[in-house]
Q: 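Here it is, the structure, as structure tokens.
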Amino acid sequence: MSWRPSWRSPRQPSRRSPWRRTLSVLLAGALGVVGLIGLSAAPAQAAPTFKAPYPCGQQWTYSHHSAEVRLALDFVRSDGGSTAGTPVLASASGTAYRYYEAGGAGNYVVIDHGGGWKTYYFHLSAFSISHGQGVAQGQQIGTTGSTGNSSGAHIHYEQLYNGVGQTIRINGVSLAPYPGSYYQKYLTSDNGCSGGGGKYWVDTFANAPGYASPTSTTQTGTLYAGTNYVFCKVWGREIRDAAGNYNHWWLRTDLDVGPANQYVSAYYLSRWGNDEARDNNGTVIPNC
């Protein structure tokens with residue numbers, strides 16, 4: 001036998017007057033409308049203005065294949081520089097988390113940008129941030145690699161809203177329709193350009209010795225060949241090779257081995273001439 005409240009039988013007729021019944025119906029309808037409004041889906045949060053996940057001035061090509069989930073894109077470098085070891089940059093500010101998945105993403109970073117938006121960066125060779133660290137747009141979060149289930153160095157990149165993969169947009173522009181292979185479409189980065197965050201991204205063709213000042217001859221450390229950031233330039237002693245190439249500009253930077261705020265010669269820049277000191281985007285590096 002089912003239990004029934006003692007205060008009223010389910011068959012007991014209501015003794016309320018007709019006007020009260022009418023008022024009850026109207027109130028119930030109004031509450032129903034309010035309830036529906038309250039339960040309706042919240043409007044989508046505007047996406048951050050995402051930038052490419054690699055340094056300023058670099059050109060990369062990208063592709064998508066059917067096995068990729070969540071509308072991901074894979075990026076490899078196409079401007080003559082090395083894909084492996086290139087810095088991976090935060091495409092927007094947020095809180096970064098680092099993870100490892102042996103049979104899939106390898107070393108990867110997730111950045112929570114707030115408002116339901118996240119970006120994913122897979123197959124890193126190394127991390128450049130701690131777990132739960134706040135990062136700025138253009139800040140290095142790792143280096144490009146091929147860890148996990150990967151056949152070669154590349155950046156697997158995703159943009160998600162509330163856990164659902166979105167068509168990737170850079171600077172507000174959609175990259176769709178996605179190409180099915182590399183070298184059909186290209187993207188040049190402006191992430192960190194014009195000294196964004198006080199850093200200018202440059203490529204160096206060889207390991208560069210570091211010094212405490214532009215006139216010092218006592219080496220304090222080394223800046224490894226590849227893509228690096230510098231802060232500013234100072235005129236100093238000449239560096240010249242046997243072929244007659246030379247440079248008097250010295251770039252202040254943080255060494256890979258050795259202390260921060262040291263100087264390396266602009267002679268080691270990959271793409272500029274004698275006594276030139278520009279970043280990868282062609283911007284003249286400012287004086288210190």
Side-chain angles (χ1 to χ4, degrees), residues 51-62 74-91 106-109 121-129 135 138-147 150 152-157 182 186-193 195-211 219-233 239 241 245 247 249-273 276-283 285:
K51 293 188 176 293
Y54 44 86
C56 172
Q58 292 184 0
Q59 182 195 74
W60 292 50
T61 182
Y62 55 92
D74 292 332
F75 288 86
V76 297
R77 198 164 175 184
S78 56
D79 59 5
S82 173
T83 298
T86 292
V88 177
L89 309 185
S91 58
N107 296 320
Y108 71 102
V109 166
Y121 313 75
F122 287 6
H123 309 305
L124 307 177
S125 63
F127 297 110
S128 302
I129 46 89
V135 295
Q139 181 171 340
Q140 182 172 343
I141 59 173
T143 52
T144 307
S146 187
T147 57
S150 171
H154 68 285
I155 303 174
H156 170 110
Y157 176 71
Y182 295 127
Y186 302 85
L187 179 67
T188 298
S189 174
D190 69 345
N191 199 354
C193 289
K199 296 179 180 179
Y200 294 77
W201 292 95
V202 299
D203 287 345
T204 53
F205 65 83
N207 292 347
Y211 300 89
Q219 184 174 344
T220 56
T222 303
L223 183 71
Y224 292 147
T227 303
N228 298 284
Y229 62 81
V230 300
F231 301 108
C232 55
K233 71 181 189 300
I239 298 296
D241 63 23
N245 302 302
N247 210 303
W249 288 113
W250 288 78
L251 310 173
R252 184 164 65 84
T253 187
D254 299 328
L255 302 178
D256 292 301
V257 178
N261 289 315
Q262 303 294 288
Y263 291 86
V264 298
S265 174
Y267 164 84
Y268 291 94
L269 296 180
S270 297
R271 54 180 82 184
W272 306 112
E276 285 191 294
R278 300 173 182 266
D279 68 9
N280 287 344
N281 201 44
T283 301
I285 296 167

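The shown structure was predicted, so the numbers you read here are calculated from the model rather than taken from an experiment. In this chain, residues are counted from 1 in sequence order.
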Q: Minimum heavy-atom separation for Asn280 and Val202, please, with both atom names.
A: OD1-CA, 3.4 Å
Q: Which residues pass the side chain to side chain donor-acceptor pair (under 3.5 Å) test with Ser146, sequence neighbours left out?
A: Ser150
Q: What closest approach, in Å, do Trp201 and Gln140 show between heavy atoms, and which atom pair accounts for it?
A: CH2-OE1, 4.0 Å
Q: Looking at Val88 and Tyr121, what are the two nearest heavy atoms and their distance?
A: CG1-CD2, 3.7 Å
Q: Identify the residue among Asn247, Asp241, Asn245 that makes a side-chain hydrogen bond (donor to acceptor under 3.5 Å, both in side chains) with Tyr267.
A: Asp241
Q: Please check if the side chain of Ser270 supplies one atom and the backbone of Phe205 the other of a donor-acceptor pair under 3.5 Å.
A: yes
Q: Do Trp250 and Ile239 come within less than 4.5 Å of each other through their side chains, counting heavy atoms only?
A: yes
Q: Of all the heavy-atom pairs spanning Gln262 and Thr220, show the shortest one and how long it is.
A: OE1-OG1, 2.8 Å
Q: Can you list every salt bridge (Lys or Arg N to Asp or Glu O under 4.0 Å) pair that touches residues 260-271, not counting sequence neighbours?
A: Asp79-Arg271, Asp203-Arg271
Q: If we only count heavy atoms from C-beta on, is the Thr83 to Tyr54 side-chain gap below 4.5 Å?
A: no
Q: For Thr144 versus Ser125, what's the shortest heavy-atom pair and its separation?
A: O-OG, 3.5 Å
Q: Stepwise, does the side chain to side chain contact (heavy atoms under 4.5 Å, CB included) test hold for Leu187 with Phe75?
A: CA-CA 9 Å; Leu187 179 67; Phe75 288 86; 4.1 Å; yes
Q: Indicate whether the side chain of Asn228 and that of Thr204 have a donor and an acceptor atom separated by less than 3.5 Å.
A: yes
Q: Under the side chain to side chain donor-acceptor pair (under 3.5 Å) rule, collect the residues that match up with Trp60, sequence neighbours excluded.
A: Gln58
Q: Where the side chain of Ser78 meets the backbone of Gln59, is there a donor-acceptor pair that is under 3.5 Å apart?
A: yes
Q: Lys51: which residues meet the salt bridge (Lys or Arg N to Asp or Glu O under 4.0 Å) condition with it, sequence neighbours left out?
A: Asp190
Q: Verify, without hydrogens or angle tests, whether Asn191 (side chain) and Ala52 (backbone) share a donor-acceptor contact under 3.5 angstrom.
A: yes
Q: Test your reading of the model: is there a side-chain donor-acceptor pair from Trp272 to the backbone of Asp279, 3.5 Å cut-off?
A: yes
Q: Measure the CG-OG1 distance between Leu255 and Thr253 for me, rounded to the nearest 0.5 Å.
A: 6.5 Å
Q: Can you tell me how far CZ of Phe122 sits from CG of Asp74, rounded to the nearest 0.5 angstrom?
A: 10.0 Å
Q: Which class fits the ring pair His156 and His123: parallel under 30°, tilted 30 to 60°, perpendicular over 60°?
A: perpendicular
Q: Can a side-chain donor-acceptor contact be found between Tyr229 and Asp254 if the only test is distance below 3.5 angstrom?
A: yes
Q: Could you tell me the separation between the SG atom of Cys56 and the NZ atom of Lys199, rounded to the nearest 0.5 Å?
A: 13.5 Å
Q: Looking at every non-hydrogen atom in both residues, tell me the closest pair between Tyr224 and Asp256 and how far apart they are.
A: N-OD2, 2.7 Å
Q: Tyr157: which residues meet the side chain to side chain donor-acceptor pair (under 3.5 Å) condition with it, sequence neighbours left out?
A: Ser91, Gln159
Q: Can you name the side chain to side chain donor-acceptor pair (under 3.5 Å) partners of Thr147, sequence neighbours left out?
A: none
Q: Is the closest side-chain heavy-atom distance between Leu89 and Pro55 below 4.5 Å?
A: yes
Q: Side-chain contact test, heavy atoms from C-beta onward, threshold under 4.5 Å: evaluate it for Leu251 versus Leu269 and give yes or no.
A: yes
Q: Return the SG to CH2 distance between Cys232 and Trp249, rounded to the nearest 0.5 Å.
A: 10.5 Å
Q: Under the 3.5 angstrom rule, does the side chain of Asn261 hit a backbone N or O of Arg252 as a donor-acceptor pair?
A: no
